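Just so we're clear, the structure is a prediction, and the values are computed from it rather than from any experiment. Numbering starts at 1 and runs along the sequence shown.
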Amino acid sequence: MMSSNISFCASILFSICLLHLCLQHDQVEAQPGGFASPRLRNAFNVIQNFKSKIQSDPKRVTATWVGNNVCNYTGFTCAVVPDFKQRSVIGVDFNGFLFGGKGSRLPLGGFIDKLDDLVFFHANSNNFTGTVPPGTAKHRFFYELDLSNNKLSGAFPTEVLAASNLTFLDLRFNTFNNSVPSTVFNLDVDVLFLNNNNLFQQIPRTLGSTPAHYITFANNKFSGTIPRSIGQASNTLYEVLFLKNGLSGCLPMEIGNLKQSTVFDVSFNQLTGPIPLSFGCLSNVQLLNLANNKFYGAVPESVCQLPKLAKLTLAKNWFTQVGPQCRKLIRKGVLDIKLNCILDLPNQRRRSSSSTSSEEKSDGPQALAPAPLSYRTLVPHRL
């Protein structure tokens with residue numbers, strides 16, 4: 001009888017051990033051991049949670065997100081973080097992965113805000129929804145944020161305004177709406193891409209405070225005038241695109257202070273007045289596009305004598321006079337002044353409606369310069 005009881009107890013013990021081993025095996029698959037650092041274990045948990053939200057993965061990227069070696073996962077970069085002296089995930093590069101979530105929802109919350117050691121987060125051309133979650137700005141070494149060409153929406157994501165270390169901010173090709181906070185121009189960024197959203201109201205007067213080299217406002221719904229403060233960015237602003245908005249009024253003479261600028265484009269707006277004589281001081285400008293507005297008067301000869309000018313586009317305005325220097329540029333193909341009111345030139349507004357119609361088929365940036373960075377932002381794929 002005793003032998004039978006021992007045998008029975010041994011059997012139960014064996015079953016318990018077997019069950020424990022099975023459960024332990026399941027746990028290892030869910031939370032593998034052997035991480036190089038506690039920070040990598042945390043990153044593993046965050047990534048696996050995010051993985052569970054992905055429904056569409058056409059490039060089968062998440063098939064590599066298996067096992068405890070997070071640093072081998074496609075789309076992630078690891079390095080030793082200096083303050084903790086531990087290896088951690090410091091970068092995310094999802095450019096072009098086309099991730100989609102369950103029920104067409106793929107929030108950034110619980111992911112970008114939980115990877116505590118991020119230096120960069122690049123996610124061009126995916127299907128992220130919602131907005132930038134609270135906590136994102138707290139990352140100590142966060143320098144680059146690219147959320148372009150997603151399905152983010154709502155008001156301007158004010159969380160980014162607290163990311164004091166950002167040098168690159170790309171929010172283009174989403175559906176952010178409402179106004180741009182004035183403090184966005186206090187960010188110490190080199191790049192600020194806001195084009196192709198639904199942003200409206202006036203451009204804040206603090207524009208001139210920005211240290212950014214490249215800014216794109218294009219393809220939004222901004223209205224009002226270009227702030228005179230833009231002239232304060234004279235030593236830093238290289239390229240700026242205002243095209244295809246609802247801007248009005250005259251160009252401020254302070255634009256002539258932009259001595260470092262190589263690209264200035266205000267085409268397809270409702271701007272008016274003559275070209276300020278101060279534009280003759282834009283000594284580094286290569287591309288100057290004022291097309292499709294309501295400018296009038298004489299084209300300043302000093303603008304046509306700018307030393308680095310590669311393309312000057314003034315088409316579809318109301319200019320009435322060009323001098324000999326500008327006519328030289330017309331002959332060279334540098335100056336496009338079609339559909340104005342210059343009596344002795346061809347392809348002007350006085351010509352027949354059929355001829356004018358043939359000239360008005362173009363509806364995009366008409367000027368080409370030596371590969372300006374800002375124009376590459378007007379297509380949704382990564383730069």
Listing request: all salt bridge (Lys or Arg N to Asp or Glu O under 4.0 Å) pairs with a residue in [range], at least two apart in sequence or in separate chains.
range: residues 165-174; result: D170-R172
range: residues 80-100; result: D83-R140
range: residues 51-66; result: none
range: residues 215-233; result: R228-E254

Hey, could you give me each pair passing disulfide (SG to SG under 2.5 Å) that has a residue in residues 241-315? Not counting sequence neighbours.
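Qualifying pairs, neighbours excluded: C304-C326.
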
Of all pairs that satisfy disulfide (SG to SG under 2.5 Å), the ones with a partner from residues 41-145, not counting sequence neighbours:
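Every pair satisfying disulfide (SG to SG under 2.5 Å) with a residue in residues 41-145: C71-C78.
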
Would you sort out whether D146 and F168 count as a side chain to side chain contact (heavy atoms under 4.5 Å, CB included), showing the intermediate values?
CA-CA 8 Å; D146 181 357; F168 183 101; 4.1 Å; yes

Check the pair I47 / Y73 against side chain to side chain contact (heavy atoms under 4.5 Å, CB included), numbers first and verdict last.
CA-CA 10 Å; I47 294 168; Y73 290 5; 4.0 Å; yes

N127: which of K151, Q55, R105 passes side-chain hydrogen bond (donor to acceptor under 3.5 Å, both in side chains):
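It is K151, the one option of K151, Q55, R105 that forms the side-chain hydrogen bond (donor to acceptor under 3.5 Å, both in side chains) with N127.
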
Between L290 and Y296, is there a shared hydrophobic cluster once you connect ILVMFWY residues whose side-chain heavy atoms come closer than 4.5 Å?
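Per the 4.5 Å side-chain linkage, L290 and Y296 are not co-clustered.
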
Same cluster or not: are F141 and V160 linked, directly or through other Ile, Leu, Val, Met, Phe, Trp or Tyr residues, by side-chain heavy atoms under 4.5 angstrom apart?
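Looking at the clustering, V160 is in a separate group from F141.
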
On a heavy-atom basis, which atom in N150 and which in N174 lie closest, and how many Å separate them?
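Looks like C-OD1, 3.0 Å.
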
From [X] [atom1] over to [Y] [atom2], what is the distance, rounded to the nearest 0.5 angstrom?
X: D336; Y: L312; atom1: CG; atom2: CG; value: 9.0 Å
X: Q201; Y: F222; atom1: CD; atom2: CZ; value: 9.5 Å
X: I226; Y: I230; atom1: CD1; atom2: CD1; value: 6.0 Å
X: L378; Y: L243; atom1: CG; atom2: CG; value: 6.0 Å
X: T136; Y: E159; atom1: OG1; atom2: CD; value: 5.0 Å

For [X] and [Y], which I'm curious about, is there any donor-acceptor pair between the side chains at under 3.5 Å?
X: H213; Y: E239; answer: no
X: S248; Y: Q270; answer: no
X: S88; Y: D117; answer: yes
X: T64; Y: T74; answer: yes

With respect to V46, which candidate in I112, D113, L115 satisfies the side-chain contact (heavy atoms from CB on, under 4.5 Å) definition?
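For V46, the side-chain contact (heavy atoms from CB on, under 4.5 Å) test succeeds with only one of I112, D113, L115, which is L115.
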
Side chain to side chain contact (heavy atoms under 4.5 Å, CB included) between Y214 and F193: does it pass, once the steps are laid out?
CA-CA 8 Å; Y214 305 92; F193 294 151; 3.9 Å; yes

Output, in order, the C-alpha distance, side-chain angles, deciding distance and verdict of ring pair (Phe, Tyr, Trp, His ring centres under 6.0 Å) for F120 and H122.
CA-CA 6 Å; F120 63 88; H122 299 163; 5.0 Å; yes

Can you tell if the side chain of [X] reaches within under 4.5 Å of the side chain of [Y], non-hydrogen atoms only?
X: F176; Y: L152; value: yes
X: L247; Y: V266; value: no
X: W65; Y: I54; value: yes
X: L199; Y: F217; value: no

Where does the angle between the aromatic ring planes of F94 and F50 fall among parallel (under 30°), tilted (30 to 60°) and perpendicular (over 60°)?
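Ring orientation, 0 to 90° scale: parallel.
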
Where does the angle between the aromatic ring planes of F99 and F97 fall among parallel (under 30°), tilted (30 to 60°) and perpendicular (over 60°)?
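If you compare the ring of F99 with that of F97, the planes turn out perpendicular.
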
Check the pair L345 / I337 against side chain to side chain contact (heavy atoms under 4.5 Å, CB included), numbers first and verdict last.
CA-CA 9 Å; L345 292 181; I337 199 159; 4.0 Å; yes

Does F35 have its ring centroid less than 6.0 Å away from the ring centroid of F44?
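Ring centroids of F35 and F44 are less than 6.0 Å from each other.
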
Is the count of non-hydrogen atoms from other residues, nucleotides or ligands lying under 6.0 Å from L277 atom CG greater than 12?
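At most 12 heavy atoms, drawn from other residues, nucleotides or ligands, come within 6.0 Å of this atom.
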
Before you tell me yes or no, could you show the steps for N219 and K244 under side chain to side chain donor-acceptor pair (under 3.5 Å), namely the whole-Å CA-CA distance, both residues' side-chain angles and the distance that decides it to 0.1 Å?
CA-CA 5 Å; N219 296 303; K244 292 190 176 179; 4.7 Å; no

Charged N-O contact under 4.0 Å between R327 and D344:
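The answer is yes: the pair qualifies as a salt bridge.
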
